[in-house]
2 protein chains.
Amino acid sequence: MAEQVETLRRTPLSRDRVLHAAVALADEAGIESLSMRKLAQELGVVPMALYKHVANKDELLDGMIDVVVGEIDPPVSDADWQPVVRRRILSAREALLRHPWAPIAIEARNQATPAILGYLNSMVGILRERGGFSTDLAHHVMHAMGSRMLGFSQELFDDSRRAGRSGPADPEPPAGFPPEAAAAFPHLAAIAGAAAHDDASVVGPGCDDQFEFEFALDLLLDGVERLRQQGWTST
Amino acid sequence: MAEQVETLRRTPLSRDRVLHAAVALADEAGIESLSMRKLAQELGVVPMALYKHVANKDELLDGMIDVVVGEIDPPVSDADWQPVVRRRILSAREALLRHPWAPIAIEARNQATPAILGYLNSMVGILRERGGFSTDLAHHVMHAMGSRMLGFSQELFDDSRRAGRSGPADPEPPAGFPPEAAAAFPHLAAIAGAAAHDDASVVGPGCDDQFEFEFALDLLLDGVERLRQQGWTST
DNA sequence: TTGACAGGTGTACGCCGTACACCTACCGTA
DNA sequence: TACGGTAGGTGTACGGCGTACACCTGTCAA
């Protein structure tokens, strides 16, 4: 009878419940101590039950990332590109501060999740549509602000990370920008397309990371030099 | 006899040999598949032998990070601050590209290693001595360029990361800047000291992360707006 | 000659992710 | 009303992980 009560009381699992419980657990105990077993215990369930809702731990982490990205406010409506971008980035920062494990988790994955691609895509859209940026400038700006936007490395997602021994058995292409995603993220596709002009592969790295890095670095250095020349001295 | 030959042939372990073997293993197989056991096997030794040279896996990772940081070229001598900083950052980028696991490893640790502190300290030194930057401006610039300098998150090392359940038993202070390190990294100490003026704790977070974030963000946004107004259109 | 000590070994424990077979409660259909 | 499929929770088991702890062995100073 007690068992029956317990059974009745327990809300059934769902992907959403699993994901949110995982986020809560990572928030309070740190990502490195999040395990399938502890998560299951938290949910009052046996570890293997989780696998009916997420394929494996990596997919769980992807889902957790998407929960965090989902907390970023949508763009406000405003005439100017600058305040829109600014507010959105500050909102992203707040989400990441609420979940300090998120940048690590994001950086440790080698593929952007759809939610991240959506976020980045909408950022490009703001630049293009609200600011009238050219495709190329929008591209460079995305590289320059990448670390502000998501709190992590400038080499957003390249395939050289995680050099695996998967070796020659890997059947899929480098997949810098899979064609099926182009429809969902048109702005990103435009950027990738423009950058791939002077380069054999249509997908794949497709942009000159070294150039992008130096572009962003020089933008920063020039800004700093301007401050310095203004005799900038105090807070 | 064969055993004797093998014994003679084997160079004895050393912390350095362990560290470099670990770096090589992470370079080719990825950080996520680096284990004490595999590393031991690579060195022709039993796993526990490693523990005579590194305290545990975390310390191994710290040592690996220091190996990478040690590959960054020292500052060149040049009259101007800008090319010195530029070249050093590009050198750091090269080191990180050689070891793509490094940013992840660095970001996953919550305390900067001495080698990283030394690198950052010398960067501040360049700004102060070669560029005549005020302490405050140098401070802001370090925040603004943090992600370029080390390829990772802007919140360099704050204690809110990795919210552990270590709880109230933790005897040491927040340790934003431990006093014994001040002597070794005078420029960093100066920055931390200046920032702590309007704030009760002398050590500890000691700087307004939100302000720094917005400062860097606005520097970037202003630079971008300037490009846009110049009608910047193509690569 | 001895005895301390640096450094490599072997065993064992508890935790991890997850494959696989199983059970059970529910629901649409006959 | 009976039944078969299916969604979802269970139990067991395996191989890999980090590392505590006791042990052995070769070297070298006294």
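Quick note on labels: first sequence line is chain A, next is B, and so on, each numbered from 1. For the numbers below, each heavy atom of this structure counts, side chains included, while hydrogens, waters and symmetry mates do not.
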Rounded interatomic separation in angstrom, taking [atom1] from [X] and [atom2] from [N]:
X: A/Met36; N: D/dC14; atom1: CE; atom2: P; value: 21 Å
X: A/Arg15; N: D/dG8; atom1: CZ; atom2: C1'; value: 16 Å
X: A/Leu50; N: D/dT10; atom1: CG; atom2: P; value: 10 Å
X: B/Arg17; N: C/dG7; atom1: CZ; atom2: C1'; value: 13 Å
X: B/Lys52; N: D/dT25; atom1: NZ; atom2: P; value: 14 Å
X: A/Gln41; N: C/dC15; atom1: CD; atom2: P; value: 11 Å
X: B/Leu13; N: C/dT9; atom1: CG; atom2: C1'; value: 13 Å
X: B/Leu60; N: D/dG18; atom1: CG; atom2: P; value: 10 Å

- Message: Whether the side chain of B/Arg37 and the base of D/dG16 hold a donor-acceptor pair under 3.5 Å is what I'd like checked.
- Response: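 Flag unset: no donor-acceptor pair detected.
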- Query: Which nucleotide in the list C/dG8, C/dG17, D/dT10 gets nearest to the side chain of A/Tyr51?
  - Reply: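 Selected nucleotide (nearest to the side chain): C/dG17.
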- A/Pro47 side-chain proximity, nearest of C/dG8, D/dT10, C/dT18: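 Out of C/dG8, D/dT10, C/dT18, the nucleotide with an atom closest to A/Pro47's side chain is C/dT18.
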- C/dG8 phosphate, OP1 or OP2, under 4.0 Å from B/His53 side-chain N/O: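 Answer yes for this pair, as a side-chain N or O of B/His53 is under 4.0 Å from OP1 or OP2.
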- Query: Between B/Ala55 and A/Val46, who's closer to the 5' end of DNA chain D by nearest nucleotide?
  - Reply: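 Final value for this comparison: A/Val46.
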- Task: May I ask you to decide whether A/Arg37 forms a salt bridge with A/Glu42, counting only side-chain N to carboxylate O separations under 4.0 Å?
- Result: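 Looking at A/Arg37 and A/Glu42, the cut-off is not met.
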- Query: Any Lys/Arg nitrogen of A/Glu59 or A/Arg15 sitting under 4.0 Å from an Asp/Glu carboxylate oxygen of the other?
  - Reply: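 Salt bridge between A/Glu59 and A/Arg15, a charged N being under 4.0 Å from a carboxylate O: yes.
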- Upstream residue (5' side of DNA chain C) when A/Leu34 and B/Met48 are each assigned their closest nucleotide: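 The answer here is B/Met48.
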- Task: Pick base, sugar-phosphate or nothing for A/Lys57, based on heavy-atom distances below 4.0 Å to the nucleic acid.
- Result: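 Sugar-phosphate contact only - A/Lys57 comes under 4.0 Å of backbone atoms but never of a base.
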- Smallest separation among heavy atoms of B/Ser91 and B/Asp73, with atom names: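 B/Ser91 and B/Asp73 have their closest heavy atoms at OG-N, 2.9 Å.
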- Message: Distance alone, cut at 3.5 Å: any donor-acceptor contact between the side chains of B/Asp62 and B/Thr113?
- Response: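 Checked: B/Asp62/B/Thr113 side chains show no N/O donor-acceptor pair below 3.5 Å.
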- Main-chain N/O of A/Ala138 paired to A/Arg128 side chain as donor or acceptor, under 3.5 Å: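 Side chain of A/Arg128 to backbone of A/Ala138: no pair is present.
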